[in-house]
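Structure first, then comments.
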2 protein chains.
Amino acid sequence: MTVDLAIFTVRGDQLMVLLIERGVEPFLGRAALPGGYVQKDETLRDGALRELWEEAQVDGGRLHLEQLGAYGDPWRDPRGRVVTIAYLALGPDLPTPVGGTDARRAYWAPVSEVINGVRELAFDHPAILADALEEVRRKLEYTAVAAAFCGETFTLSELRTVYEAVWGQYLDPSNFRRKVLKTEGFVRPTGERRLPPTGRPAALYRRGSADLLSPPLLRRVDES
Amino acid sequence: MTVDLAIFTVRGDQLMVLLIERGVEPFLGRAALPGGYVQKDETLRDGALRELWEEAQVDGGRLHLEQLGAYGDPWRDPRGRVVTIAYLALGPDLPTPVGGTDARRAYWAPVSEVINGVRELAFDHPAILADALEEVRRKLEYTAVAAAFCGETFTLSELRTVYEAVWGQYLDPSNFRRKVLKTEGFVRPTGERRLPPTGRPAALYRRGSADLLSPPLLRRVDES
DNA sequence: CCCCTAAAGGTCATATTGACTTAAACACCG
DNA sequence: CGGTGTTTAAGTCAATATGACCTTTAGGGG
């Protein structure tokens, strides 16, 4: 029984996922999602948090962590029957982590490159990553987790950039602002402002109390 | 490693869940969700389908089955560390199943009674059932699975009754009809009709090709 | 002091929803 | 054979939400 983690962050205007280069067999040297065995006395969530730290030196306290599901096809691991519980983590632009015990190194990779097959992942991690990606995209529609990608305080432009990076589509700044501000509990103004490199200062917000957005903030379906 | 099943159906105007009376220790004689050990050579889904049949003689071919998640707290099972993968199943009004090997008997119980604590479930099954219930309610909003509760063909009133039973709230028949019919791929007319005990004949539909509803069919939030 | 840029705020046509009303189709009853 | 009750089916209308687009504001830099 193992846990595997799909850890996402937004850097610049790209959605990134944390990958490791495996330092042990099987799939030695191959790219993979961080993860490892669950210990006997810990919860699945605690196991995920521990692996997060061991393999990538990422502190779980600051990021959103939720279970994605169990992957247990008998042939998914060449070593034999290994069921893995996949977790989804979202965090602000984190420092590039160093490798851990079972990982030669850890690094952020653009999700688009991994999905396109430019990098080949070990095990059934391509499927896990695909499911995780769809889940994040869906979560942004129906919940207020997008703020988990931002720092403690953020501007509405930063928040919009998160949506654009995750969904891969342009959003009208004005309509986005209207939707976010009139959705009760989405964000809470701090009263402070931040100066962009150029242009008018932007108001700063912090995450609100709401978890669900109703009505949701739907992405366009066409995407041609 | 086990699988547990939260199997729902709509009977009359009530949402029902399939329970078993445990025939073995621990929790002998207690009500529980059907489930059992996963075998070495089967997928998690196949294990769920097998347990479905063994413990409740329910044929999985006709119902919607999806994974809910993994429950793995170290103390959830008095026997020791047992991680269970919970599955959610939705089906039309099924015949009352007989008990299986590890179950003295199997029966349908109103979900409301179980949630209220009138019946106490074994293990952490109360939490699993609560999660399953919320998942069904959410699924009805964003997907077209509601038809899984109906037979091969059904009237719009039957479909609306499903929503009302699951959400526990009244829906305006006229607005429901408009929403369903104008949502592309939700239902497909068969051309036939069905005579109710009294009143105008109702057109029959079968499930359409759509999986997701966009925009979704949201339930009211207040429900006071 | 003017220009450029991004934030902030507004307009307007369109789509969707909730509450409500009206018409249609059948069985039953006298 | 026509009236009555019941359920399906269809329509109206105001309130709300959305997408596309425009104008104003508040900075920095030349």
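Residue numbers start from 1 in every chain, and the chains themselves are labelled A, B, ... in the order their sequence lines are given, proteins ahead of strands. Only this structure's heavy atoms are used, side chains among them; waters, hydrogens and symmetry mates stay out.
- With hydrogens and angles disregarded, a donor-acceptor distance shorter than 3.5 Å links the side chain of B/Glu55 to the backbone of B/Gly35.
- Between B/Gln169 atom CD and C/dG18 atom C1' the separation is 13 Å, expressed in whole Å.
- For the pair A/Arg138 and A/Tyr142, the cation does not sit on the ring face, since its NZ or CZ is not both under 6.0 Å from the ring centre and inside 45° of the axis.
- Remark: P of D/dT16 and CZ of B/Arg220 are 16 Å apart, rounded to the nearest angstrom.
- In this structure, the side chain of B/Tyr163 engages the main chain of B/Leu140 through a donor-acceptor pair within 3.5 Å.
- Rounded to whole Å, the distance from CG on A/Leu171 to P on D/dT18 is 13 Å.
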Enumerate all atom pairs, one protein N or O and one N or O from nucleotides 15-17 of chain C, separated by less than 3.5 Å.
from: C/dT17; atom 1: OP1; to: B/Lys179; atom 2: NZ; distance (Å): 2.9

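- Taking the ring centre of B/Tyr107 as origin, the terminal cationic atom of B/Arg105 falls inside the region bounded by 6.0 Å and 45° from the ring axis.
- Of all the heavy atoms in B/Lys179 and B/Pro215, the pair that sits closest is NZ-O, 2.9 Å.
- With rounding to whole Å, B/Phe154 atom CZ is found 18 Å from D/dT7 atom C1'.
- Between the P atom of D/dT18 and the CG atom of A/Leu181 lies a distance of 13 Å, rounded to the nearest Å.
- In this structure, A/Leu159 atom CG and C/dA7 atom C1' are separated by 15 Å, rounded to whole Å.
- The nearest whole Å value for the distance from the CG atom in B/Leu156 to the P atom in D/dA10 is 10 Å.
- Within the model, atoms CG of A/Leu204 and CZ of A/Arg193 stand 10.0 Å from one another, a figure rounded to the nearest 0.5 Å.
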Tell me, with the steps shown, if A/Thr143 and A/Asp211 meet side chain to side chain donor-acceptor pair (under 3.5 Å). CA-CA 6 Å; A/Thr143 75; A/Asp211 187 37; 5.4 Å; no
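- For C/dA8, the OP1/OP2 oxygens have no side-chain nitrogen or oxygen of A/Ser174 closer than 4.0 Å.
- The pair B/Glu21-B/Arg119 does not meet the salt-bridge criterion, since no charged nitrogen lies less than 4.0 angstrom from a carboxylate oxygen.
- Remark: B/Thr198, B/Gly199, B/Arg200, B/Pro201, B/Ala202, B/Ala203 in residues 183-207 of chain B come within less than 4.0 Å of DNA chain D through at least one heavy atom.
- Distance alone, capped at 3.5 Å, places no donor-acceptor pair between the A/Trp53 side chain and the A/Gly60 backbone.
- The CZ atom of B/Arg177 sits 19 Å away from the P atom of C/dT21 (whole-angstrom rounding).
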